[in-house]
There are 2 protein chains.
Amino acid sequence: MTVDTKPGPRRRDAPATEMPDKEGIVGYKLRRAQLVVFHDFLQTFARMKIRPAEFSVLSMIARTPGLKQTEIAEALGIKRANFVALMDGLEARGLADRRKGGADRRSHALHLTPEGERFVRKMVAVWHEHEDRMVDRLGGPQERDRLIELLDRLLAGQEAAKED
Amino acid sequence: MTVDTKPGPRRRDAPATEMPDKEGIVGYKLRRAQLVVFHDFLQTFARMKIRPAEFSVLSMIARTPGLKQTEIAEALGIKRANFVALMDGLEARGLADRRKGGADRRSHALHLTPEGERFVRKMVAVWHEHEDRMVDRLGGPQERDRLIELLDRLLAGQEAAKED
DNA sequence: TATTGTTATACTCTATAACTATA
DNA sequence: TATAGTTATAGAGTATAACAATA
């Protein structure tokens, strides 16, 4: 266990200096940074009317067509009950569809429509603007990779914590 | 502008390989990691019934007593309208109070009650469990500092983007 | 019995507009 | 006119329970 206390004398009645400063707190900084990045994402995609969750769903369908709802929802950390309205929206816009006819007649295979394919190509081009801007802020692809690696350690810790 | 494309030949009709993979996307990883850290925080503070926003408000009042609501809300990225119910809760629990009587009779000076002082001391002790766990997952205080620095770059980029 | 998709519902967070009392 | 605190409200996001169809 890491106890990150600084050496040296410490007075008894100085609670103010013992208080955690938000600027050094992992969760706080993580939240603020995530909000900033999502805000940039939302601004970038305001015209295309795409939200982060919709973006990740369309990307995943494009990468791996034919997956069923539960598979995509679980991979993205979306509850399957909440996935329904999201997918309804994409279907209503003619970007993706649910196809029945597989071996398991309970499930739907998710695919992009031809219009969805075109939309996703534009979406990815626009996304590069956003992502390049974030990578630039970080200091380049190498710094981006360092960040991703550190974030993966937090995520891996969660995996380990679940096994009990 | 950083364009992070890999060299080498690229086929025309292979959209699947051109799609962004969520595992390398800054915003996506940031969100997932933040959820994991907040989940650990919520578990850790389930008994004390403290949410992240309440934690940061109590910490800030403890560090700098006498600030007014708007100052704390703005520093923490909370809309002043949403701060009211949060502060109502802390006051109802007897942890903090709004004191009138300053030069500006519109504003409230925020302070901890004696019970709030005791509560915050316990809260900070419990928080160390959580924070140490996160720092351990990252690989130690040095790795934590690296992460904070990278997140600060994203936040600094936002500051710069606002000036227009 | 278990799983897939679905509906309904509730709770939290966040955002905006408008009010009041003071400045 | 502007600011501090407040109220009301609306929209996302997220969580759980329960159901029908199918396995």
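All values below were derived from every heavy atom in this structure, side-chain atoms included, with hydrogens, water molecules and symmetry-related copies excluded. Note on naming: letters A, B, ... go to the chains in the order of the sequence lines (proteins, then strands), and numbering restarts at 1 for each one.
- At a threshold of 4.0 Å, the pair Arg80(A)-Glu74(A) does not count as salt-bridged, since none of the basic side-chain nitrogens sits closer than that to a carboxylate oxygen.
- Look at NZ on Lys100(B): it is 13 Å from P on dA4(D), rounded to the nearest Å.
- Annotation: the span from Leu151(B) atom CG to Leu147(A) atom CG amounts to 6.0 Å, rounded to 0.5 Å.
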### Message
Before you tell me yes or no, could you show the steps for Lys100(A) and Ser107(A) under side-chain contact (heavy atoms from CB on, under 4.5 Å), namely the whole-Å CA-CA distance, both residues' side-chain angles and the distance that decides it to 0.1 Å?
### Response
CA-CA 7 Å; Lys100(A) 311 209 78 162; Ser107(A) 64; over 6 Å; no
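- Look at CZ on Phe83(A): it is 14 Å from P on dG13(D), rounded to the nearest Å.
- The residue among Ala109(A) and Arg51(B) whose nearest nucleotide of DNA chain C lies closer to the 5′ end is Ala109(A).
- Residue Asp104(A) is in sugar-phosphate contact alone, with no base atom involved, counting any heavy-atom pair closer than 4.0 Å across all strands shown.
- We find that CD1 of Ile50(A) is positioned 16 Å from C1' of dA12(D), with the value rounded to whole Å.
- Per the geometry, CZ belonging to Phe38(B) stands 14 Å off P belonging to dA15(D), to the nearest Å.
- If you measure from atom CD1 of Ile78(B) to atom C1' of dT12(C), you get 13 Å, rounded to the nearest angstrom.
- Of the candidates dA15(C), dT6(C), dT4(C), dT4(C) carries the atom nearest the Thr70(A) side chain, counting heavy atoms from C-beta on.
- Between Asn82(A) and Arg80(B), the residue anchored nearer the 5' end of DNA chain D, judged by the nucleotide with its closest heavy atom, is Arg80(B).
- Relative to the side chain of Ala81(A), the nucleotides dT22(C), dT7(C), dA15(C) differ in distance, and dT7(C) lies closest.
- Between the CD atom of Gln43(B) and the C1' atom of dA15(D) there is a distance of 14 Å, rounded to whole Å.
- Between Phe41(B) and Phe55(B), a ring centre-to-centre spacing shorter than 6.0 Å is recorded.
- dA4(D) atom P lies 13 Å from atom CG of Leu67(B), rounded to whole Å.
- When heavy atoms are screened at a 4.0 angstrom cut-off, Arg105(B) is found touching the sugar-phosphate backbone but no base atom.
- The phosphate of dT14(D) has neither OP1 nor OP2 within less than 4.0 Å of any side-chain N or O from Lys79(A).
- Comparing atom distances between the Arg106(A) side chain and each of dT22(C), dT4(C), dT6(D) picks out dT4(C) as nearest.
- A donor atom on one side chain and an acceptor atom on the other are found under 3.5 Å apart for His130(A) and Asp40(A).
- Side-chain proximity of Arg31(A) to the nucleotides dG5(C), dT16(C), dT14(C) is greatest for dT14(C).
- Ion pairing between Arg93(A) and Asp88(A) fails under the 4.0 Å rule for side-chain N and carboxylate O.
- At dT6(C), one or more side-chain N or O atoms of Arg98(A) fall inside 4.0 Å of OP1 or OP2 (strictly under the cut-off).
- Taking only side-chain nitrogens and oxygens, Ser107(B) never comes nearer than 4.0 Å to OP1 or OP2 of dT3(D).
- Spacing between atom CD of Glu91(B) and atom C1' of dT6(D) amounts to 13 Å, rounded to whole angstrom units.
- At the heavy-atom level, Ala73(B) lies nowhere under 4.0 Å from the strands shown.
- Using a 4.0 Å heavy-atom criterion, one finds that Ala85(A) contacts no nucleic acid atom at all.
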